[in-house]
Amino acid sequence: MSFLELLLTAVALSMDAFAVSVGKGLSSPSASWREGLICGAYFGGFQALMPLAGYLLVSTFSGYIQRFDHWIAFILLALIGANMIREAFSKEEESMSGSFSVKTMLLLAVATSIDALATGVTFQLTGTNIWMAISLVGCTTFLFSLLGVKVGSTFGAKYQSKAELIGGVILVLMGVKILLEHLLGG
């Protein structure tokens with residue numbers, strides 16, 4: 001993946017964490033920069049660790065799946081992206097706790113980073129530099145989460161579904177690109 005593709009992937013992966021951070025800001029209208037830093041550290045940290053776990057998992061089995069790795073990458077990215085798009089159009093209102101406790105933040109960080117685990121699989125399958133990828137994903141998510149808390153406490157839920165929609169579309173397009181490059185010999 002090129003740097004631009006990695007950056008777009010990082011932005012797309014950070015959209016779930018951004019949306020949850022906006023929710024945290026909504027539930028804590030007086031949220032400070034400290035709460036933003038807490039969200040950024042948890043979400044950015046887990047968004048960096050999960051792709052590394054997926055990457056290492058696949059590296060163990062890469063010899064068995066090379067013939068259809070492009071299909072796996074396409075399916076994973078398309079499913080993650082489609083789920084984000086579905087959530088963007090969902091009319092269900094999710095209630096969010098105003099707590100920034102370790103237990104609450106750990107649960108939210110794991111929940112928002114599951115898709116990053118699958119993306120780590122695609123990093124391995126596409127030969128992406130994992131250290132650059134996880135650094136970019138972690139830092140991007142940290143910044144989006146930090147700002148998400150402040151946006152949520154200041155502006156409300158106005159941007160939450162738009163962020164999920166944009167992130168989902170980017171991931172689906174990345175999956176299609178990977179598949180087409182392989183099928184067309186690029």
Measure from the side-chain N and O atoms of [X] to the backbone N and O of [Y], and report whether any donor-acceptor pair falls under 3.5 Å.
X      : Y      : result
Lys150 : Gly25  : no
Gln47  : Phe142 : no
Thr154 : Val151 : no
Ser113 : Ala116 : no

Within one Ile-Leu-Val-Met-Phe-Trp-Tyr cluster: Ile38 and Leu107, side-chain cutoff 4.5 Å: no
Criterion side chain to side chain contact (heavy atoms under 4.5 Å, CB included) on Leu136 and Leu7, from CA distance to verdict: CA-CA 7 Å; Leu136 198 55; Leu7 182 60; 4.1 Å; yes
side-chain hydrogen bond (donor to acceptor under 3.5 Å, both in side chains) involving Ser32 - partner list, sequence neighbours excluded: Glu35
Where Ala133 and Leu6 come nearest, the two heavy atoms and their spacing: CB-CD2, 3.7 Å
Atom of Cys39, atom of Val149 and distance for their closest heavy-atom approach: SG-CG2, 3.5 Å
So do the side chains of [X] and [Y] get within less than 4.5 Å of each other, counting heavy atoms only?
X      : Y      : result
Tyr55  : Ile134 : no
Phe43  : Asp16  : no
Leu108 : Lys24  : yes

With Ser14 via side chain to side chain contact (heavy atoms under 4.5 Å, CB included) - residues at least two apart: Thr140, Thr141, Phe144
